[in-house]
Every structure is written in structure tokens, then in C-alpha cells.
Number of protein chains: 2
Amino acid sequence: MARPRAEDYDEKRKAILKTSAELFAEHGFDRASMSQIAQGCGVSKALLYHYYTNKDQLLFDIIRDHLDELIQGVELAVDTSKPAEALLRDYVAALLEAYRDANAEHKIQINEMKRLPPDQQEELKARERHLVRLFADAIAKAVPELGSGSLLLKPVTMSLFGMVNWHYLWFREGGPVSRDDYADIATTILLNGARSLAG
Amino acid sequence: MARPRAEDYDEKRKAILKTSAELFAEHGFDRASMSQIAQGCGVSKALLYHYYTNKDQLLFDIIRDHLDELIQGVELAVDTSKPAEALLRDYVAALLEAYRDANAEHKIQINEMKRLPPDQQEELKARERHLVRLFADAIAKAVPELGSGSLLLKPVTMSLFGMVNWHYLWFREGGPVSRDDYADIATTILLNGARSLAG
DNA sequence: CCTACCGATCGGTAGG
DNA sequence: CCTACCGATCGGTAGG
């Protein structure tokens, strides 16, 4: 009889991913050693290698899980039958909410993806494109002049991602402006800005 | 012959900084070895250590020189007697222009600064604050409702930096939207967005 | 033959 | 200004 998979296998995997993401973000991918990660997880290095065949696989799973959580967070939180403007606002709020407690993963996604082999990079970039498309479509619906073929849709969409994806460098939890406040601010800036561009 | 040694010294230093910045950005700070950098510069490792006592000093100089060039580029390019709105637009265009051919330094500034000792970090952060203040003041002048004490000035200013500092991840030279076009787009979005926020 | 896990240590390479 | 070489530590793997 084959030895069954440990009951807490998935739990342990998740815990390893979270700990290693924090160590990678804090010390950088190279300086965070597999020994440190094992120690931080309270497991032996050999057990760490049982869960992840190598360091790159750890990196891949961190980014993949993070992107999946962003996409899920955004897709589940919104009601696509809402008016386009409210829909975009909900997308932005959901994305900012999905970023809560995910600064480490966010930094790793932005900075370390290129270490991975091309096919793994492509798998992750496809998820990024999926997320971008959701937002671009919502913008195009809210500001129809930007839709279908306008050269402005891409730079406008990227401007929104710039605002939202840059927040981790200045936003502080518990400050005078909440996460939800900033969702309103960024959406208002983007929508009114985009309208005056299109007009 | 006027001080040929000094001139040669500065040239070599600049070349070393540029080469090492590119290697750091491409492979990461840890994986880009001092031997690689020496080889890329066409000098011996020992000569490299003659110019820079250690790897961290190289990192510090890359970021310091980069920030000085951004500040200088922005301060020299604008005419502060212009109307506030045109002034902000010129600031944004000058900053985007200063970022040309500086993607490597930009990435290093954002991602590797925390490796440095606290006093060196502080020296660099003071330069960052100086740059942010220039833009925040221009925004406050162009949209007076945001000035003096408004909780919105900081998130609005950070939204502009988000748009501009994020551009290196999607902007491609020679594409349909030029660097100058994007300066117009980002400024228009920010100004009209900020006005509707304040109103 | 599978998976779960340990103590010990490998060959190579880094900054200096 | 170079080559040779160091102390340390890395990612990854051995037997059981």
C-alpha cells in the first residue's frame, strides 16, 4: 500500500510559499538561501526539497499563486452587469484588496520573473495579460471613445496599472487614506482623465 | 596638458558605473559578479577594486548619480515662471526624457536601495524626497484645492509618479506613442483627474 | 515501488 | 596592475 499524502500537504506547501516569498522579498532571491527558508518554515532542508525540487520552482509557484489570487480576487468581487464606471471602480478596489498582505509576492512578480525559463515565463505572462485585459475592457466600456483601435487605450490602461501597482511603495496601512479611499481616488483620476483625453 | 589623469579617471568611473548598472539590472545584484563587471569594462578585477572599494559602493554611486541626473534634468528643463499647468507638463516630459536609456538605473533605484547601510540610504532618500517635492508643489499650484493640508495631495502626487515610474515596464521606443506623447497623456489624466477629485 | 523525512556533506563559485 | 588563492557559504543530493 502506497504511503498516503500527508493530510496537511497543501497547508505546508502554502506555508512554505509564504515564508519563502517574504525572505525573497526581504533579502533578494539569491541571498535568501534554501537553508534560511527551511529554517523559517521549521522544516529540514531535505523536507523543503521534497516539496520543491529546486529554488526556481519555488519562485514559479509564488508568482503563479499570486497572479491566480489577483485574478480570482478581481473576477469574484465584481458584478459585470453593473454600469461600466462602477464596474471599473470595483475592479480597482478588488485588486487593491488582493494586494493586501501581498507586497512580497508583488515585488517578486515584478522583479524576479525573468530568472525563470521561457516557457514558465510565458505561462505567467499569459496570466498577466488576462488581468490587463479585464481592466482594459472595463476602461473601454466606461470611456467608449477609447475602445476598439484607439492608440490611447494601452497607455491609459497602463496608467491605471501604474497608479495601482506603485501603491506598495508609499501606501501605509492605518494612514489617513484607506485602501478603499485610494481605489476611489485612482478610479476618479483615471476616468476623468481618460474622458478629457478622448474629448 | 591640463590634468589628463583626472579627466581619464572620471571617464573610467562613468563607464564602470554604466556597465555595472546594466549587469546588475540584467542578472540581479548578487548574480552579477565583480569579475563579470571587470570583464565587461575591459579592466582587471583589481583595477575595478581600485575605483570602487566594494560592491556596495558601486551600488550607491549608481543610484546617487541616477537621482542627480533626474533632478538636474528636471530642474534645468523647466521655466518656473510658466503657468502651473504648463510647468507640470514640462516636469513630466523632462522626467520621462531623463529616464531615456536609464531603465537599468531606474530598476536598481527601486529594488536594490535597501541593501545599503542606513546612512547611505538616507542620503539617497533625501534626493528622492527633493524630486517628489518639486512635483507635489507643481500639482498644488495647478490645482490649488489640493494644496496646503489636503489629504489628497500625497496620493495624487504618488499617482503621477506611479504612472511615470511604471512606464519602463510597457513603454517601447519607436512605438505608436512617443515619450513626449505619454508626457501629455499622463499630465492630462492627472490634472483633469485631480480637478474632479477636488471639485 | 511509492512518499515522507533526517543528518551529513558534496562540488562549485562568490566577493574580496 | 595581475594571478593566485582565502574563508564562507551556496544549491542540491547522498544513504537509509
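Letters go in sequence order (proteins before strands), and every chain restarts at 1.
Cation-pi geometry between B:K55 and B:F29 is met: the NZ or CZ atom falls under 6.0 Å from the ring centre, inside 45° of the normal.
A:H106 and A:Y168 have perpendicular rings, their planes meeting at more than 60° on a 0 to 90° scale where under 30° would count as parallel.
Among B:L146, B:L88, B:L87, the one residue that satisfies the side-chain contact (heavy atoms from CB on, under 4.5 Å) test with B:K141 is B:L87.
Where pairing requires Watson-Crick or G-U contacts shorter than 3.5 Å, DNA chain D shows no helical stem with at least three consecutive pairs.
C:dG11 and D:dT9 are spaced 13 Å apart, taking the C1' atom of each and rounding to whole Å.
In this structure, B:L58 atom CG and C:dG15 atom P are separated by 11 Å, rounded to whole Å. Residue A:H27 contributes atom NE2, which lies 11 Å from atom P of D:dC10 at whole-angstrom precision. The interatomic distance linking B:K55 (NZ) with C:dA14 (C1') rounds to 8 Å, in whole Å. Spacing between atom CG of B:L59 and atom P of C:dG15 amounts to 13 Å, rounded to whole angstrom units. As rounded to whole Å, 17 Å separates atom P of C:dG16 from atom NE2 of B:H50. Between the P atom of C:dA4 and the OH atom of A:Y52 lies a distance of 13 Å, rounded to the nearest Å. If you measure from atom CG of A:N54 to atom P of D:dC10, you get 17 Å, rounded to the nearest angstrom.
Checking A:S178 against A:D180 by side-chain atom types alone, no donor-acceptor pair falls below 3.5 Å.
With respect to the salt-bridge test (charged N to carboxylate O, under 4.0 angstrom), the residues A:R179 and A:D184 do not qualify. Using a 4.0 Å cut-off between charged nitrogen and carboxylate oxygen, B:K107 and B:E26 do not count as a salt-bridge pair. Looking at A:E11 and A:K18, no side-chain N of the basic residue comes within less than 4.0 Å of a carboxylate O on the acidic one, giving no salt bridge. Using a cutoff of 4.0 Å between basic side-chain nitrogens and carboxylate oxygens, A:R100 and A:E97 are scored as salt-bridged.
A pairwise comparison of heavy atoms in B:R195 and B:A142 identifies NH2-O, 3.9 Å as the closest pair.
Near DNA chain C, defined here as any heavy-atom distance below 4.0 Å, the residues from residues 28-49 of chain A are A:S44, A:A46, A:L47, listed numerically.
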